[in-house]
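Proteins get letters first, then strands, A, B, ... in listed order; numbering begins at 1 in each. Values reported hereafter were calculated over all heavy atoms of this structure, with side chains retained and with hydrogens, waters and symmetry mates removed.
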Number of protein chains: 2
Amino acid sequence: MNRAEIIAVGSELLTPYRLDTNSLFLTEELNRLGIAVVRKSVVADDRQALAAAFREALERADLVVSTGGLGPTEDDLTREAAADALDRRLLLDESVLENIRERFARLGRAMAPNNQRQAMVPEGAAVLPNSSGTAPGLWIETGERAVLLLPGPPGELRRIFAERARPLIERRAGARRMAHRMLRAVGLPESDVDHRVAPIYQSYADVETTILATPEGIEIHLTRWSDDQAESTRVLDELAARIATTLGDAVFSTEGETLDGAIARELQQAGLSVAVAESCTGGIVSSRLTRIPGSSLFFLGGAVCYSNQMKTAWAGVPAELIERHGAVSSEVAIALAEGARSATGAALGLGLTGIAGPGGGTPEKPVGTVHIALAHEGGVREQLILFAGDRERIRRLAAQSALDILRRHLLRARRERG
Amino acid sequence: MNRAEIIAVGSELLTPYRLDTNSLFLTEELNRLGIAVVRKSVVADDRQALAAAFREALERADLVVSTGGLGPTEDDLTREAAADALDRRLLLDESVLENIRERFARLGRAMAPNNQRQAMVPEGAAVLPNSSGTAPGLWIETGERAVLLLPGPPGELRRIFAERARPLIERRAGARRMAHRMLRAVGLPESDVDHRVAPIYQSYADVETTILATPEGIEIHLTRWSDDQAESTRVLDELAARIATTLGDAVFSTEGETLDGAIARELQQAGLSVAVAESCTGGIVSSRLTRIPGSSLFFLGGAVCYSNQMKTAWAGVPAELIERHGAVSSEVAIALAEGARSATGAALGLGLTGIAGPGGGTPEKPVGTVHIALAHEGGVREQLILFAGDRERIRRLAAQSALDILRRHLLRARRERG
């Protein structure tokens, strides 16, 4: 068993408002078992169309996994369509019915007659009990191939897969497995990253390399399929190390850590604390630093100094400094960083001021102008960056850059400590 | 022309790391032209598999739209596969080649030999020029049906669709069109919303109703397909009004406005300003209130008072109050709200304190306990809410609830003003 197709069932997934995301989870799980996903489809709640989709998929793949359409309503036709495609009868399974009845009884409600539909099972199918909902999963073998029907709610789907379906698939999987490594980098454009690392990964013909730009940095995914897991680990470790060396400090994680997490770790290792005074980012820098559990150990406080008055009141920025240089200036960014530090007693202070737009730009200070300052025991460092994009993008990128400036400072400090 | 299929091309879309999102844009555009999307597929960069996918889709739909696989590399096989499926030859189009050469010349770079592949055009296809990239779109008619090939980068795809493809499709579309209305609600669980509005929408057999829970509230989508646009407008207006009446103040938008936007509008209409002192939400409330352009007109400042010391320094919460009641208490939430108000001079102050977890919970104050207070000219209102979920979910939901408390206050104030 090494080729799978995923069919997401539901007319609502064919509207502009909803995406199938279950297939990402399933793809990751199947890949880990050495099974490649060769096609994904989204099909409406239409018995004939769905039965045809099952038939076609079974011609191309060893394993067909469907998600959704196992509910109790007339629109839920996955059971019927799979039975049609496999030429099986649907039979009432008394033990499934009993489970559904018990579930309703526990919740103190009467079972609706419709729910009986969820106890219909294609002849010869294995029932995969659902501990968090009424629709069980179903596993139907047909010769060397198999069909797996899973309910659509992500929590139910994940649990049934992990507890019930994975062992059934694993038994039929070959020795080939997928190994995966992800590096995260920040502070370089995507095209630069690719330009620098392409000569390296191109010499690894058996590794697939995918570079993705995300709002929180660039992800470099390395994937290798092999029978020999130890060899894959060796190859991916080596390639990841070479890429990390080439990109240098831009890489902040080779084991899935987030930027916020990397900063939290560095701060705690160094025994340092941080505080923020931000203007154009409106609280995003603080909200990211507090995402990490236990952030109260290193985050002392954040001031969203939107008005000039609050820059003075909360971060002690002298009113005449703002008057003289303007609220968006190196001087005010530095004063915000130093003010955050002294107001809270933190070891490090971050200060941001800028123009997120769409209004407020001038020829000298266009929309996207952001000053970022970091104050520390030994002094202060300030940087002017011009970001492109809409208001929200400028805010996100400015916060990301401020966090990266903080991270790089912590790296340097660690090296100096030796 | 009224049934379309969308084929997203690219092996990277069959990994766990990437989703096809272009199809949401295309579905919305096609629906507006009266065309339903009946299936979506994701197919690997494999010429045979892709040609088969085009053939199958053309049997089911009038219009097949593909995205991606039009780049210059050997992996980009959409042109070849579409030509195979339609039994057309691929011919070099000199004018396309000239455009690509000019584009490279403008950028001061030499055209790579590979780029010549992008000038290959299936016989009889119309070229849809791409003003922001090298790959043109292609439109190929076959009898009553048509195939539209679009490049994968979203900006290029959207522009080619809007400027070139839409008129071609519109000419072949029937009189039937889709009308759409969306309501947004907050402060009620999804199942409650459905329970209350189902009896209403069920009496509109010709309207499709989809209820979606999103991190920023519940969306109620109403869709009606008809030849008679005026009638659709009338029906959807009526249904939307009935749903809005039933859900009352929970509905904050019937025309696509966000919660942040609705609050910004109410604040500006009332000429009121707001400030925030938040603890467990770590800056999320401030960052949402500042998302809206022009928020400096009504947002005065936000304090992320993570430590007790900063609750006292920035929001004037008496240390003995924290000592007596604990940092997570009604009293401290109220003091934060009043402190935000008096520190900034804002008309309204929001205060939040709670336990986002995973640590820090006790039997009396479990993880998820959040106190939210709103201070205003006439007094203060405080609420204790217990949220379920992980740290990030608790933070998001608490921020959402605080914004909803602010919105409902502004609604009441508007009614009192008359």
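- Between the CZ atom of B:Arg39 and the OG atom of A:Ser41 there is a distance of 6.0 Å, given to the nearest 0.5 Å.
- Heavy atoms of A:Arg391 lying under 4.5 Å from chain B belong exclusively to its side chain.
- Here A:Leu212 is the residue among A:Val43, A:Leu212, A:Val37, A:Ile284 with the most heavy-atom pairs under 4.5 Å with chain B.
- Contacts with chain B were tallied for A:Asn31, A:Asp20, A:Leu19; A:Leu19 has the most, counting heavy-atom pairs under 4.5 Å.
- Ranked by heavy-atom pairs under 4.5 Å with chain B, the first of A:Met178, A:Glu208, A:His180, A:Arg288 is A:His180.
- Panel note: side chain B:Ser273, backbone B:Ala347; a donor-acceptor pair is recorded below 3.5 Å.
- Between the side chains of B:Glu278 and B:Ser286, a donor-acceptor pair is found at a separation under 3.5 Å.
- Ranked by heavy-atom pairs under 4.5 Å with chain A, the first of B:Gly360, B:Ala303, B:Ser279 is B:Ala303.
- Distance check, rounded to the nearest 0.5 Å: CG of A:Leu403 to OG1 of A:Thr258 gives 10.0 Å.
- When heavy atoms are compared at a cutoff of 4.5 Å, B:Ala343 approaches chain A by way of both its backbone and its side chain.
- To the nearest 0.5 Å, atoms CG (B:Leu183) and OG1 (B:Thr209) are separated by 10.0 Å.
- The residue among A:Ala8, A:Ser307, A:Pro293 with the most heavy atom pairs within less than 4.5 Å of chain B is A:Pro293.
- Each of B:Thr214, B:Leu24, B:Leu30 has some count of heavy-atom pairs under 4.5 Å with chain A, and the biggest count is that of B:Leu24.
- With a 4.5 angstrom heavy-atom cutoff, A:Leu289 does not touch chain B via any of its atoms.
- At a 4.5 Å heavy-atom cutoff, B:Leu297 makes no contact with chain A through either its backbone or its side chain.
- B:Thr290 and A:Arg395 form a side-chain donor-acceptor contact under 3.5 Å, judged by distance and modelled atom types alone.
- Heavy-atom distances place the backbone of B:Val38, and not its side chain, under 4.5 Å from chain A.
- Both the backbone and the side chain of A:Ala53 come within contact range of chain B, judged by heavy atoms closer than 4.5 Å.
- With a threshold of 4.5 angstrom between heavy atoms, A:Ala356 does not approach chain B through any atom at all.
- Only the backbone of A:Ile292 comes within contact range of chain B, with at least one heavy atom under 4.5 Å from a heavy atom of that chain.
- For A:Arg18, the parts lying near chain B are the backbone and the side chain together; criterion is any non-hydrogen pair under 4.5 Å.
- For the atom pair CZ of B:Phe25 and CD1 of B:Ile6, the computed distance is 10.5 Å after rounding to the nearest 0.5 Å.
- Heavy-atom distances place both the backbone and the side chain of A:Glu28 under 4.5 Å from chain B.
- With respect to chain B, the highest number of heavy-atom pairs below 4.5 Å among A:Glu56, A:Arg291, A:Glu12 belongs to A:Arg291.
- Looking only at heavy-atom pairs under 4.5 Å with chain B, the residue among A:Ile7, A:Leu13, A:Leu300, A:Thr210 that has the most is A:Leu300.
- Side-chain contact annotation: A:Tyr306 with B:Ser295, donor-acceptor N/O pair under 3.5 Å present.
- Using a 4.5 Å cut-off between heavy atoms, A:Glu219 does not touch chain B at all.
- Within 6.0 Å of the CD atom in A:Gln48, the count of heavy atoms belonging to other residues, nucleotides or ligands does not exceed 12.
- The greatest number of non-hydrogen atom pairs below 4.5 Å with chain A, out of B:Thr21, B:Thr281, B:Leu14, B:Val276, is found for B:Leu14.
- In this structure, A:Arg55 does not pair ionically with A:Glu59, as no charged nitrogen and carboxylate oxygen lie closer than 4.0 Å.
- Interface remark: A:Asp46 contributes no atoms to any contact with chain B (heavy atom separation under 4.5 Å).
- Contacts of B:Leu26 with chain A are absent, with no heavy-atom separation under 4.5 Å from either backbone or side chain.
- Proximity to chain A is absent for every atom of B:Ala313, based on heavy atoms less than 4.5 angstrom apart.
- We find the OG1-CZ distance between B:Thr223 and B:Arg181 to be 10.5 Å, quoted to the nearest 0.5 Å.
- Within the 3.5 Å criterion, the main-chain N or O of A:Val64 finds no donor-acceptor partner in the side chain of A:Glu5.
- Contact of A:Met182 with chain B is not made at all, since no heavy-atom distance falls under 4.5 Å.
- No donor-acceptor distance shorter than 3.5 angstrom exists from the side chain of B:Trp314 to the backbone of B:Cys305, with no hydrogens or angles considered.
- Separating the CG atom in A:Asp45 from the CG atom in A:Leu50 is a distance of 8.0 Å, to the nearest 0.5 Å.
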